[in-house]
Amino acid sequence: MREDGYLTFALGKGRLANKTMELFEQLGISCEEMHDKNSRKLIFVNEEQKLRFFLAKGPDVPTYVEYGAADIGVAGRDTILEENKNVYEVLDLGFGKCRMCVCGPAEAAELLLHHERIRVASKYPNIARDYFYNRKYQTVDIIKLNGSVELGPLVELSDVIVDIVETGSTLKENGLEVLEEVCPLSARMIVNPVSMRMETERIKGLVDRIRQLLKTK
Ligand code: PRP
């Protein structure tokens with residue numbers, strides 16, 4: 001929260017930002033400027049309600065919120081867990097539902113039972129490490145990839161992967177399956193701890209209104 005009285009939101013670019021704005025609009029919080037699909041603008045302001053929105057890459061949202069560049073952020077739980085920043089997670093927005101899973105060819109299920117030192121490819125090395133080391137007590141080698149992680153077992157880079165599963169069709173089309181579920185995922189609202197203290201009424205008021213709205217859905 002800056003001294004100018006604006007509340008600033010960092011939204012994960014794309015579907016998350018669109019869904020968030022749909023929700024806000026139902027509460028009478030809108031930002032006309034954001035409707036122009038051809039615009040390359042990154043910051044949008046609602047002068048009347050003293051709100052500012054900016055669009056960031058999903059994994060950067062917790063960083064903006066931790067440093068207070070944004071008071072509030074919306075990001076996937078996958079990103080929030082992976083980035084592990086000092087932010088408060090205040091609300092499950094209910095959209096973007098999917099699961100973080102350990103996946104691989106059916107034969108790899110055996111490797112998960114005997115604490116073997118296997119290779120795990122993932123775009124989420126921290127989540128993968130935490131799952132294997134702290135929950136399964138299995139020492140593994142984590143290999144960080146930046147996308148198309150399903151390739152890992154297909155080209156024998158890794159035994160399994162830790163990745164997001166939504167419909168399951170990427171796995172199916174590549175002869176892979178879910179072997180274990182790490183955790184459920186969805187879009188979450190996060191808040192900077194200082195903003196929460198300084199602007200308690202305003203932020204809690206907003207969170208409560210969104211919570212009420214979500215209940216009616
Ligand atoms: C995500 C995820 C899986 C896929 C899962 O990838 O990493 O690959 O979607 O969806 P499904 O279960 O509905 O098939 P994304 O499309 O974001 O691209 P990426 O592989 O480059 O991360």
Side-chain angles (χ1 to χ4, degrees), residues 9-23 34 37 40 42 53-65 70 73-85 87 89 92-109 111-112 118-136 138 140-190 217:
F9 294 77
L11 307 177
K13 239 190 238 178
R15 224 163 59 99
L16 275 193
N18 296 340
K19 288 284 235 178
T20 305
M21 290 316 291
E22 269 174 35
L23 209 58
M34 274 177 116
K37 298 278 177 246
R40 305 281 292 170
L42 293 172
F53 301 89
F54 67 78
L55 302 177
K57 278 266 185 196
D60 293 336
V61 168
T63 307
Y64 287 108
V65 176
V74 173
R77 185 176 182 223
D78 48 325
T79 301
I80 298 165
L81 291 174
E82 182 63 23
E83 297 299 319
N84 197 22
K85 302 290 187 196
V87 296
E89 188 185 308
D92 181 348
L93 294 169
F95 52 80
K97 278 203 170 103
C98 48
R99 302 182 291 158
M100 186 64 76
C101 298
V102 181
C103 312
E107 315 84 76
L111 303 172
L112 301 172
I118 56 171
R119 286 184 177 178
V120 180
S122 185
K123 212 166 133 175
Y124 303 91
N126 293 330
I127 295 177
R129 191 173 298 106
D130 179 64
Y131 180 70
F132 278 98
Y133 281 72
N134 300 332
R135 280 171 61 189
K136 285 180 65 80
Q138 182 171 1
V140 297
D141 294 317
I142 309 275
I143 303 170
K144 160 90 198 263
L145 289 178
N146 292 298
S148 302
V149 179
E150 289 82 359
L151 276 171
L154 300 182
V155 300
E156 293 179 19
L157 172 73
S158 69
D159 299 290
V160 296
I161 60 174
V162 167
D163 200 18
I164 291 174
V165 179
E166 193 179 351
T167 61
S169 53
T170 311
L171 290 178
K172 204 165 164 215
E173 285 184 33
N174 291 290
L176 305 173
E177 51 190 70
V178 171
L179 304 173
E180 289 177 359
E181 181 172 323
V182 177
C183 62
L185 303 170
S186 58
R188 308 290 163 104
M189 182 170 276
I190 52 176
K217 288 186 177 281

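Worth knowing before you read on, the calculation uses all heavy atoms, side chains too, and leaves out hydrogens, waters and symmetry mates. Order of listing sets the numbers, starting from 1, for every ligand and every atom in it.
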Exercise. Counting only heavy atoms not in R119, do more than 12 sit closer than 6.0 Å to its CZ atom?
Worked result: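 No - once you tally the heavy atoms of other residues, nucleotides and ligands closer than 6.0 Å, there are 12 at most.
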Exercise. Take atom NZ in K144; do more than 12 heavy atoms of anything else shown fall under 6.0 Å from it?
Worked result: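 Check passes, neighbour count above 12.
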Exercise. Between C103 and V165, what is the shortest heavy-atom contact and its length?
Worked result: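 Shortest heavy-atom contact: SG-CG2, 3.8 Å.
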For this session: Please report the closest heavy-atom contact between G73 and V61, naming both atoms and the distance.
Result: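 Looking at all heavy atoms of both residues, the closest pair is CA-CG1, 3.9 Å.
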Exercise. Going by heavy atoms in the side chains, are K123 and L145 under 4.5 Å from each other?
Worked result: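 No - every pair of side-chain heavy atoms lies 4.5 Å or more apart.
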Problem set entry | Heavy-atom nearest neighbour in the protein, as seen from atom 7 (O) of ligand 1, with distance rounded to 0.1 Å |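 For atom 7 (O) of ligand 1, the nearest protein heavy atom comes out as D163 OD2, 2.8 Å.
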Identify, by atom number and element, the atoms of ligand 1 in contact range of [X], meaning under 4.0 Å from any of its heavy atoms.
X: S148; result: 19 (P), 20 (O), 21 (O)
X: T170; result: 4 (C), 5 (C), 10 (O), 11 (P), 14 (O)
X: S169; result: 12 (O), 14 (O)
X: T167; result: 11 (P), 12 (O), 13 (O), 14 (O)

For this session: Check whether any N or O atom of G168, backbone or side chain, sits under 3.5 Å from an N or O atom of ligand 1, and answer yes or no.
Result: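 Yes, since at least one N or O of G168 sits under 3.5 Å from an N or O of ligand 1.
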Exercise. Parallel, tilted or perpendicular: which fits the ring planes of F54 and Y64, with parallel below 30° and perpendicular above 60°?
Worked result: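 It falls in the perpendicular class, over 60°.
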Problem set entry | Minimum non-hydrogen distance to atom 2 (C) of ligand 1, winning option of V165, L151, I164, N174 |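 Selected option, by shortest heavy-atom distance: I164.
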Exercise. Among E166, E150, R99, K123, whose heavy atom sits nearest atom 3 (C) of ligand 1?
Worked result: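 The option holding the nearest heavy atom is E150.
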Exercise. With a 3.5 Å cut-off and no angle check, do the side chains of N18 and R15 form a donor-acceptor pair?
Worked result: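 Looking only at side-chain atoms, R15 and N18 do not form any donor-acceptor pair under 3.5 Å.
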Quiz question for you: does at least one protein heavy atom lie closer than 4.0 Å to [atom]?
atom: atom 9 (O) of ligand 1; value: no
atom: atom 16 (O) of ligand 1; value: no
atom: atom 12 (O) of ligand 1; value: yes

Problem set entry | Any donor-acceptor pair under 3.5 Å from K172 side chain to T167 backbone |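 The answer is no, because no donor-acceptor pair under 3.5 Å joins these two groups.
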